[in-house]
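First comes the structure, then the notes that go with it.
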Amino acid sequence: MTASFQPASPDKIRVDIWSDVACPWCYVGKRRLESALAQFPQSDNVEIVWHSFELDPSTPAEHP
């Protein structure tokens, strides 16, 4: 069951992101988000909540 949305405070915008650390597109998205937030005047009012996501569960834990 998914937890209900709980903002840190009423004046914050919460952004939930599911990302795989091995995914190059997830990294591109992370960098673009950081760039956008750097230009956003109210970036102090944005709360980023990162969640892990595994794109390919069949990937071996150890690589040869």
Among all residues two or more places apart in sequence or in another chain, which pass the side-chain contact (heavy atoms from CB on, under 4.5 Å) test with Val15? Ile13, Ile17, Val46, Ile48
Could you note down all residue pairs passing salt bridge (charged side-chain N to carboxylate O under 4.0 Å, His left out) where residues 19-29 supplies at least one of them, sequence neighbours left out? none
Which atom pairs, donor and acceptor, lie under 3.5 Å between side-chain atoms of residues 22-30 and protein residues at least two apart or in another chain?
residue, atom, partner, partner atom, Å
Lys30, NZ, Glu34, OE2, 2.4

For Gln42, what residues pass the side-chain contact (heavy atoms from CB on, under 4.5 Å) criterion, not counting sequence neighbours? Phe40, Asn45
Test ring-ring contact (aromatic ring centres under 6.0 Å, His included) applied to Trp50 - qualifying residues, sequence neighbours left out: none
For residues Arg14 and Val49, report the shortest heavy-atom separation together with the two atoms involved. NE-CG2, 3.7 Å
Provide the closest heavy-atom pair for Asp44 versus Lys12 in the form atom of the first, atom of the second, distance. O-NZ, 3.1 Å
